[in-house]
Amino acid sequence: MSDIKKVVLAYSGGLDTSVIVRWLQDTYNCEVVTFTADLGQGEEVEPARAKAQALGVKEIFIEDLREEFVRDYVFPMFRANTIYEGEYLLGTSIARPLIAKRLVEIAQETGADAISHGATGKGNDQVRFEMGAYALMPGVKVIAPWREWNLTSRETLMAYCEERDIPVDFAKNKKKSPYSMDANLLHISYEGGILEDPWAEAEADMWRWSVAPEEAPDQPTYLELTYRKGDIVAIDGKEMSPAEVLAYLNKVGGANGVGRLDIVENRFVGMKSRGCYETPGGTIMLTAHRGIESITLDREAAHLKDELMPRYAKVIYNGFWWSEERKMLQQMIDYSQRNVNGDVRVKLYKGAVSVVGRRSEDSLFDESIATFEDDAGSYDQKDAEGFIKLNALRMRIAASKGRDLLKD
């Protein structure tokens, strides 16, 4: 007899999680609570309510978390200019800590004995969900059906549904995408299908959020982004909330072919995985943020951020958002942003994002010193001679002692 009486499931309303509802009921003889998060995935989440009800679920949570997602997770990550392995903007990774947090909170609110998710045993998401849950509720019981059952394909899942009268007409009536996809307000990802061959080019009709760069408008689009403490607060002079900012940038960026990515990444579990991503708004945000930092950040502070960023990215990618090291890094990053204020003008053209202007009352750019014209004595060029000799001193000493760097 199982001691699990109630389980909170991260529920999308799709085939996999619908099967999981019934599997949990059958396997553990328990009550299932469903939690569906609206993170801006671009599809209605309310239909999940009727699907859960048809499966006998009595406690159903459907929540709009878009503002919290962008404000408390996406924006803090972009203050660090975060990219994983030089390319990936972590669109899937950054959503998991929030879902884990709400799973745990709902479990506590409803008196549940366990939480459950639909992540497979091959991917990173199982790690991210469970790392977050254990950090916030150390004794929580986690049920991961993909690591327990023998349902290994869509066909076996469908057969399970037919045997148990699980209503999945919504799955049959739609054309099945050949890709495994995940979407939220930051990105949409594609895996599987033809993408499992790293030599095969992604099919043109796979992309959903952006036009192909070669089909983008022949005239560039300009945007003026206003920053306050490292976060965008207005676009073209119009104040916007965090979620509104990202949604608008996705729309404009996608229309200009911005944000497509095709990579092979190293998963935390050890395997390589090929994935394609569309992150139009995030691509604009990354470029623009570096633009405003270029005139407001001290040189060594900026360089230190760049040195620590890969570590910060790996922490998020591997599921350690709630760890001490991430929080320590975040405090340093946020401190660096206190003077990152001002405006950046970006140019979007056929898939490219370029910074073409930046200004700030907190700018460290001193035109009187940097000018190639007469600086009226602001900078004494003779000072450079001693500066260069002192910095060359160790190399001069080595050479004087007979060390030949051309041969060593």
Side-chain angles (χ1 to χ4, degrees), residues 66-83 89-90 94 185-186 220-253 258-259 279-313 316 326-348 352-371 378-379:
R66 288 174 292 179
E67 288 294 349
E68 182 180 359
F69 174 52
V70 182
R71 182 190 65 236
D72 297 342
Y73 297 84
V74 175
F75 271 15
M77 182 175 73
F78 272 81
R79 290 174 207 146
N81 302 319
T82 312
I83 50 176
L89 290 170
L90 297 167
I94 194 59
L185 204 50
L186 180 55
T221 297
Y222 290 86
L223 296 173
E224 186 175 298
L225 310 178
T226 299
Y227 278 87
R228 188 178 302 138
K229 295 186 177 180
D231 295 340
I232 299 172
V233 296
I235 300 177
D236 293 332
K238 180 182 178 182
E239 294 265 344
M240 295 184 182
S241 71
E244 289 172 338
V245 164
L246 188 48
Y248 184 81
L249 293 179
N250 280 334
K251 180 180 178 181
V252 179
V258 169
T279 321
T283 302
I284 297 169
M285 286 169 56
L286 177 67
T287 301
H289 188 257
R290 294 198 70 93
I292 192 62
E293 282 193 327
S294 71
I295 60 170
T296 57
L297 272 194
D298 168 78
R299 181 190 70 185
E300 294 305 313
H303 291 181
L304 180 59
K305 279 186 76 237
D306 283 346
E307 291 170 11
L308 292 174
M309 183 278 290
R311 174 64 185 273
Y312 179 86
I316 295 175
R326 201 281 305 176
K327 295 174 75 174
M328 289 170 63
L329 287 167
Q330 193 70 58
Q331 289 189 40
M332 184 204 70
I333 291 160
D334 292 348
Y335 180 81
S336 76
Q337 301 296 290
R338 68 196 189 285
N339 293 314
V340 181
N341 308 308
D343 303 308
V344 175
R345 190 168 66 249
V346 295
K347 174 182 176 181
L348 314 180
V353 183
S354 307
V355 173
V356 294
R358 66 290 273 166
R359 65 186 177 191
S360 173
E361 293 183 0
D362 293 300
S363 175
L364 298 176
F365 183 89
D366 191 329
E367 187 176 349
S368 67
I369 293 177
T371 181
S378 297
Y379 180 86

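Each residue takes its place number in the sequence, starting with 1.
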Report task. Taking side-chain contact (heavy atoms from CB on, under 4.5 Å) as the test, write out the residues that go with A80, two or more places apart. Result -> T82, Y312, I333
Query raised in the report: Sequence neighbours excluded, which residues qualify as side-chain contact (heavy atoms from CB on, under 4.5 Å) partners of S360?
Result: I292, I295, T296, D362, S363
Requested in this report: Give me the one residue out of R359, K347, R345, K238 that meets salt bridge (charged side-chain N to carboxylate O under 4.0 Å, His left out) with E224.
Outcome: R359
Query raised in the report: Counting N and O atoms only, with roles assigned by atom type, does the side chain of T279 sit under 3.5 Å from a partner on the main chain of G282, one being a donor and the other an acceptor?
Result: no
Query raised in the report: Of all residues at least two apart in sequence or in a different chain, which pass the ring pair (Phe, Tyr, Trp, His ring centres under 6.0 Å) check with F69?
Result: none
Contacts under 3.5 angstrom, residues 303-311 side chains, donor-acceptor by atom type, not counting sequence neighbours:
unit_1: K305; atom_1: NZ; unit_2: R79; atom_2: O; d: 2.9
unit_1: K305; atom_1: NZ; unit_2: E293; atom_2: OE1; d: 3.3
unit_1: K305; atom_1: NZ; unit_2: E293; atom_2: OE2; d: 2.7
unit_1: D306; atom_1: OD1; unit_2: R290; atom_2: NH1; d: 3.3
unit_1: D306; atom_1: OD1; unit_2: R290; atom_2: NH2; d: 3.3
unit_1: D306; atom_1: OD2; unit_2: R290; atom_2: NH2; d: 3.1

Requested in this report: Using a 4.5 Å cut-off on heavy atoms from C-beta on, say whether the side chain of I316 contacts that of M77.
Outcome: yes
Requested in this report: State which residue, out of L186, L90, V245, L89, fulfils the side-chain contact (heavy atoms from CB on, under 4.5 Å) condition with V74.
Outcome: L186
**Report entry** Residue list, ring pair (Phe, Tyr, Trp, His ring centres under 6.0 Å) with F78, at least two apart or on another chain
**Finding:** none
Requested in this report: Return yes if some donor-acceptor pair links the side-chain N/O of T287 with the main-chain N/O of I284 below 3.5 Å, else return no.
Outcome: no
Query raised in the report: Rounded to the nearest 0.5 Å, how far apart are CD of E68 and OH of Y73?
Result: 5.0 Å
Report summary line: Sorted by chain and number, sequence neighbours left out, salt bridge (Lys or Arg N to Asp or Glu O under 4.0 Å) with E67 holds for none
